Amino acid sequence: MVALGSLCLVSSSNWLSVYLAIELSTLSLFILVAQKGGSGQSAEAGLKYFVLGALSSGLFLFGCALLCGFTGGVHIPYINLALNPGFDFSEIRVPIGSLLIVVSLLFKLSAAPFHMWAPDVYDGAPTTATALLAIVPKVGYFSILVSIGSAVNMLLVGTLFSLVVGALGALNQTKVKRLLAYSGVGHMGFVLWGIEVGSFESIQASLTYMILYVIMSICVFAIILALGTVRSLIVEFSGLSRRLPVLALTLALTFLSIAGIPPLVGFLGKWLVLLSGVVNQYYLVFILAVVCSVVAGVYYVRIVKIIYFQASFSLLISSKVLRKENWINLRKALLIGAGLYVIGFTMLSPNLWLQLAHWAVGGLF
């Protein structure tokens, strides 16, 4: 249902179908987040996601009502007409309607300053639900944001806050899913920056960044599921290089790629977005993005240090001895191998993703 809702969202052409597609995936995620029976943390995460998700859905519906009431139609191209300089902007419904829709989508994307639900929900939900929540819906929301464009520079505000919060929020985290939640906030800052710039090249860079982020997130969550960590603590990765050297190397390369260490694929995505920002004279945002990327690289490198240079704690060793050895099944191995192959292939030949992003963005203009 989550995948179906995202597919419907990408192909939607009017506000009614957009709202129904968003709710289809959101309601399914409500159930998945709270499905861990007997877990108070999962129930708390489901309740938080439900309340804040209902709030963002209400904002979206109210914004759609304002825009549709002003333009007299429900199709998305009417937004372009409403924002056309030929229209009377004394109508306050146009900027407020667009602002409410953008704020709602920033809630869904867990972009700062509307990210407050993400760390708790990511941590409390089962890992499979967290992976779905972090990966699947974001491409659909990206397509709607591109169709709407910026509203009262809200995307620029989201960019600045997301870069700072994503870099600083994860520095003192001890659980990997909370760390990935703040990491996602920082990555959404880069994606929103490309949409805010609004040129063909910047949106192509954002889409390329989004594709690479999804691939790297799939690889990370597949490894976490394969390891079967007890409490998703970062220290549970200690000694992994001695127990499972191939899996440790894959996880280290993926985290370094997410950090944007050259010549890995994460660096390519960040370079494209930064280049489009400099070309369009966003110099201060460029400096902030570079500084935040350097700060964020600290906690990714810390995980790699734990994987290779930190011995397992005695308590963790005892739990591993008592627990049955968790062998990686074929499906998880294929998923991890496919993710690592794409990361390596894109490093050597990125033209495929750039061409696909070019065609996709060309269909939006």
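Everything quoted here is computed from the prediction, not taken from an experiment.
One N or O on the side chain of Ser241 and one on the backbone of Ile307 form a donor-acceptor pair closer than 3.5 Å. Judged by distance alone, with hydrogens and angles left aside, the side-chain atoms of Ser257 form no donor-acceptor pair with the main-chain N or O of Leu253 at under 3.5 Å. With Ser183 contributing its side chain and Leu179 its backbone, the two residues share no donor-acceptor pair below 3.5 Å. Checking side-chain atoms of Thr346 against main-chain N and O of Ile343 turns up no donor-acceptor pair under 3.5 Å. A donor-acceptor pair under 3.5 Å links the side-chain atoms of Glu236 to the main chain of Leu233, judged by distance alone. Put simply, the side chain of Lys270 never gets that close to the backbone of Ala289: no donor and acceptor are under 3.5 Å apart. When atom types are taken as modelled, the side chain of Ser162 and the backbone of Thr159 share no donor-acceptor pair closer than 3.5 angstrom.
Closest of all the heavy-atom pairs between Leu180 and Phe221 is CD1-CZ, 3.8 Å. The two residues Leu192 and Ala111 make their nearest non-hydrogen contact at CD1-CB, 3.7 Å. The two atoms that bring Leu59 and Leu100 nearest to each other are O-CB, 3.6 Å, heavy atoms only. Closest of all the heavy-atom pairs between Lys177 and Pro126 is NZ-C, 4.0 Å. Taking all atoms of both residues into account, the shortest heavy-atom contact from Val136 to Ala3 is CG1-CA, 4.1 Å. Of all heavy-atom pairs spanning Tyr308 and Ala252, the tightest one is CE1-CB, 3.8 Å.
Tyr282 and Trp193 have perpendicular rings, their planes meeting at more than 60° on a 0 to 90° scale where under 30° would count as parallel.
Expressed to the nearest 0.5 Å, how far OG of Ser276 lies from CG of Leu272 amounts to 8.0 Å. Distance check: Ile195 CD1 to Leu156 CG gives 12.5 Å after rounding to the nearest 0.5 Å. The CG atom of Leu212 sits 6.0 Å away from atom CG of Leu268, with the distance rounded to the nearest 0.5 Å. The SG atom of Cys68 sits 8.5 Å away from the CG atom of Leu16 when rounded to the nearest 0.5 Å. To the nearest 0.5 Å, the span separating CD1 on Ile224 from OG1 on Thr128 amounts to 12.0 Å. Between Ile303 atom CD1 and Ser238 atom OG the span is 12.5 Å, to the nearest 0.5 Å.
Not counting sequence neighbours, the partners of Tyr49 by the ring-ring contact (aromatic ring centres under 6.0 Å, His included) test are Phe30, Trp117. Residues satisfying the side chain to side chain donor-acceptor pair (under 3.5 Å) criterion with Ser104, sequence neighbours excluded, are absent altogether.
Residues Phe267 and Pro263 are not in side-chain contact: their nearest non-hydrogen atoms beyond the backbone lie 4.5 Å or more apart. Annotation: side chain of Val214 is not in contact with side chain of Lys138 (no heavy-atom distance under 4.5 Å). Leu105 places a side-chain heavy atom less than 4.5 Å from the side chain of Ile22. The shortest side-chain heavy-atom distance between Leu20 and Leu24 does not fall under the 4.5 Å cut-off. The shortest side-chain heavy-atom distance between Val103 and Phe107 falls under the 4.5 Å cut-off. Phe60 places a side-chain heavy atom less than 4.5 Å from the side chain of Trp15. At least one side-chain heavy atom of Met347 sits less than 4.5 Å from a side-chain heavy atom of Leu264. Proximity of Cys292 to Leu288: side-chain heavy atoms (C-beta onward) are separated by under 4.5 Å at one or more points.
Looking at Ser202 and Ser199, their side chains do bring a donor and an acceptor atom within 3.5 Å of each other.
Applying the 6.0 Å contact sphere to CZ of Phe50 captures no more than 12 heavy atoms from other residues, nucleotides or ligands. Within a 6.0 Å radius of CG in Leu284, other residues, nucleotides and ligands contribute 12 heavy atoms or fewer.
Hydrophobic cluster membership differs between Val295 and Tyr182, with clusters built from Ile, Leu, Val, Met, Phe, Trp and Tyr side chains linked at under 4.5 angstrom. Under the 4.5 Å side-chain contact rule for hydrophobic residues, Ile258 and Val290 share a cluster. Both Val273 and Ile287 belong to a common hydrophobic cluster when Ile, Leu, Val, Met, Phe, Trp and Tyr are linked at side-chain heavy-atom distances under 4.5 angstrom. By the criterion of side-chain heavy atoms lying less than 4.5 angstrom apart, applied directly or through intervening Ile, Leu, Val, Met, Phe, Trp or Tyr residues, Val185 is not grouped with Leu106; the two fall into different hydrophobic clusters. Hydrophobic clustering (side-chain heavy atoms under 4.5 Å, transitive across Ile, Leu, Val, Met, Phe, Trp, Tyr) groups Leu244 together with Ile306.
Aromatic ring centres of Phe200 and His358 lie closer together than 6.0 Å.
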Exercise answer: donor-acceptor pairs, residues 164-174 side-chain atoms, under 3.5 Å, sequence neighbours excluded:
from, atom 1, to, atom 2, distance (Å)
Gln173, OE1, Arg178, NE, 3.1
Gln173, NE2, Gly169, O, 3.1

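The only option from Ile144, Thr26, Leu145 that meets the side chain to side chain contact (heavy atoms under 4.5 Å, CB included) definition with Lys108 turns out to be Thr26.
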Checking Leu240 against Leu227 for the side chain to side chain contact (heavy atoms under 4.5 Å, CB included) test, could you report, in this order, the C-alpha distance in whole Å, the side-chain angles of both residues, the deciding distance, and whether it holds? CA-CA 10 Å; Leu240 184 63; Leu227 291 174; 3.6 Å; yes
Quick one: do Ser42 and Gln35 satisfy side chain to side chain donor-acceptor pair (under 3.5 Å)? Show the steps, please. CA-CA 7 Å; Ser42 178; Gln35 72 174 344; over 6 Å; no
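Salt bridge present: Asp123 and Lys175 bring a charged side-chain N and a carboxylate O closer than 4.0 Å.
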